[in-house]
There are 2 protein chains.
Amino acid sequence: MQIAKGVEWTTHICTVIALLPPGRGLAVDVLADFFEVPSAYLSKQMQLLRRAGVVESVRGKSGGYRLAKTPDDITLLDIVLAIEGPKPAFRCTEIRQNGPCGLKRTDCKRPCEIAAAFAEAERVYRDALKVKTLASIMQEAAVNAKPEHLNDIGNWVQQQLP
Amino acid sequence: MQIAKGVEWTTHICTVIALLPPGRGLAVDVLADFFEVPSAYLSKQMQLLRRAGVVESVRGKSGGYRLAKTPDDITLLDIVLAIEGPKPAFRCTEIRQNGPCGLKRTDCKRPCEIAAAFAEAERVYRDALKVKTLASIMQEAAVNAKPEHLNDIGNWVQQQLP
DNA sequence: CTTTATCCGGATAATATATATCCGATTAAG
DNA sequence: CTTAATCGGATATATATTATCCGGATAAAG
């Protein structure tokens with residue numbers, strides 16, 4: 001039960017492109033260099049974010065990726081669902097319908113109690129990710145970081161703009 | 001991000017072997033037939049449960065698996081951790097230390113805010129699974145099931161005992 | 001218009017993990 | 001001792017994750 005690395009990568013990247021001036025974007029290659037992650041694969045992950053409406057892309061020269069919404073409107077759950085897809089982690093295969101004492105399908109209107117318990121746990125998990133916005137993450141990071149480091153990132157972002 | 005099928009299988013199986021008379025066990029082959037799951041693979045999963053102290057095995061003739069604790073003392077989290085292992089789903093690879101603006105390791109005493117947010121979400125997930133005991137699951141199932149089905153299972157378990 | 005930089009999508013491959021099987025070693029019951 | 005059953009390791013297969021490459025589309029800049 002592992003979360004794809006793309007979730008970690010793209011979340012960090014969202015905190016960086018949030019610092020861009022309005023209307024500007026950063027290229028995948030540039031972002032890949034910033035965190036030393038493989039650019040071709042990162043490109044795939046960013047496409048997933050774009051399809052989910054988290055970021056938007058500008059094609060052609062001086063194009064790149066930027067946020068599609070304000071950092072307040074992007075949650076960690078948005079990013080996880082974009083990368084991992086919507087399917088729940090627990091897969092109920094209805095084995096209660098199998099074997100010598102298997103239930104008939106018509107007797108299985110209610111969800112299996114085990115599946116329901118896992119669904120409930122996943123619900124609280126998702127709720128916890130839903131209240132963490134990109135803005136709140138960046139706020140926490142700003143409080144904890146050294147001022148010069150925030151400066152470094154701001155300057156670096158500026159320098160990447162054509 | 002998927003939970004291993006073994007979690008579903010062994011949880012269901014725990015609700016069955018909970019019905020055994022004290023001191024008796026059921027063989028893997030018998031349990032595999034009950035839910036129509038592959039017995040050799042189920043055997044591996046039951047070994048994981050045994051190492052985690054959820055079930056215990058009796059070797060030799062008329063041996064098999066039985067619960068190692070009362071259904072009240074077994075939680076869904078116990079089973080998940082036994083099968084999936086203890087490692088968290090979100091893997092922080094510390095990419096904040098990478099690239100042109102990477103932090104020095106000495107500046108990374110606090111956990112990364114992103115990793116912390118996922119750790120918190122996993123904490124509430126685990127807490128939700130921790131309050132679901134085998135006993136509570138069986139209680140819910142007993143309330144929802146038709147009485148004759150509970151009877152069928154009880155009778156089947158009796159018949160499997162030598 | 002041409003060049004250049006960039007995203008897009010599909011194909012492909014490598015690696016890791018999950019799923020599944022088999023068999024010899026070991027242990028308990030009769 | 002013989003038989004039945006589990007354990008543990010070795011191994012095989014399937015699926016998911018990670019990763020790369022390339023041709024095509026798009027758009028800016030010269």
Side-chain angles (χ1 to χ4, degrees), chain A residues 1-10 13 17 20 23-33 35-52 54-66 68 80 82-85 87-91 93 95 160-162, chain B residues 1-10 13 17 23-33 35-52 55-66 68 80 82-85 87-91 93 95 160-162:
Chain A
M1 183 190 172
Q2 306 229 124
I3 290 179
K5 285 184 191 172
V7 171
E8 185 197 16
W9 299 355
T10 58
I13 279 171
I17 59 179
L20 285 167
R24 309 302 296 268
L26 281 182
V28 167
D29 285 347
V30 171
L31 293 168
D33 285 345
F35 286 117
E36 293 183 67
V37 295
S39 114
Y41 185 46
L42 176 62
S43 168
K44 281 274 179 288
Q45 309 296 312
M46 293 305 288
Q47 285 176 39
L48 293 174
L49 281 198
R50 179 184 57 82
R51 281 175 215 155
V54 174
V55 301
E56 53 192 21
S57 62
V58 179
R59 299 169 81 153
K61 192 164 181 175
S62 76
Y65 282 99
R66 61 191 181 206
V80 169
I83 303 289
E84 300 273 338
K87 62 176 184 242
F90 182 87
R91 297 161 290 172
T93 61
I95 62 173
Q160 306 313 312
L161 298 173
Chain B
M1 182 189 175
Q2 307 226 126
I3 290 180
K5 285 184 189 171
V7 171
E8 184 196 17
W9 298 355
T10 58
I13 280 171
I17 59 180
R24 311 301 297 269
L26 282 183
V28 167
D29 285 348
V30 171
L31 293 168
D33 286 344
F35 285 117
E36 293 183 68
V37 296
S39 109
Y41 185 45
L42 176 62
S43 168
K44 280 272 176 291
Q45 309 296 313
M46 293 304 288
Q47 286 175 40
L48 293 174
L49 281 198
R50 181 185 56 82
R51 281 175 216 154
V55 301
E56 53 191 22
S57 61
V58 180
R59 297 170 84 154
K61 191 169 180 179
S62 77
Y65 282 99
R66 60 190 182 206
V80 169
I83 302 288
E84 300 273 336
K87 63 176 185 244
F90 182 87
R91 298 161 289 173
T93 61
I95 62 174
Q160 306 312 312
L161 297 173

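What you see below is based on every heavy atom in this structure, not just the backbone, and it leaves out hydrogens, waters and symmetry mates. Here is how names work: the chains are called A, B, and so on, in the same order as the sequence lines, proteins then strands, and each is numbered from 1. The structure displayed is predicted, hence computed values, not measured ones.
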Give A/A40 one of three labels, base, sugar-phosphate or nothing, depending on what nucleic acid heavy atoms sit under 4.0 Å from its own. base
Describe the nucleic acid contact of B/K5 in one word from base, sugar-phosphate, nothing, applying a heavy-atom distance below 4.0 Å. sugar-phosphate
Can you check each nucleotide of nucleotides 22-30 of chain D against protein heavy atoms at under 4.0 Å and return B for base, S for sugar-phosphate only, - for none, in 5' to 3' order? --BBBBB--
Tell me: [atom1] of [X] to [atom2] of [N], nearest whole Å?
| X | N | atom1 | atom2 | value |
| --- | --- | --- | --- | --- |
| A/I83 | D/dA16 | CD1 | P | 17 Å |
| B/K44 | C/dA18 | NZ | C1' | 14 Å |
| B/M46 | C/dT19 | CE | C1' | 17 Å |
| A/L42 | D/dA19 | CG | P | 11 Å |
| B/L48 | C/dA20 | CG | P | 14 Å |

Side chain to side chain contact (heavy atoms under 4.5 Å, CB included) filter on A/S62, not counting sequence neighbours, yields A/P162
Net bend of the helix from C/dC1-D/dG30 to C/dG30-D/dC1, end axes of five pairs each, nearest 10 degrees: 10°
Gap separating the CD atom of B/Q45 from the CD1 atom of B/I83, nearest 0.5 angstrom: 4.5 Å
By nearest-heavy-atom nucleotide on DNA chain D, the more 5' of B/A27 and B/Q2 is B/A27
Taking 4.0 Å as the cut-off, does a side-chain nitrogen or oxygen of B/Y41 come that near to OP1 or OP2 on C/dT21? no
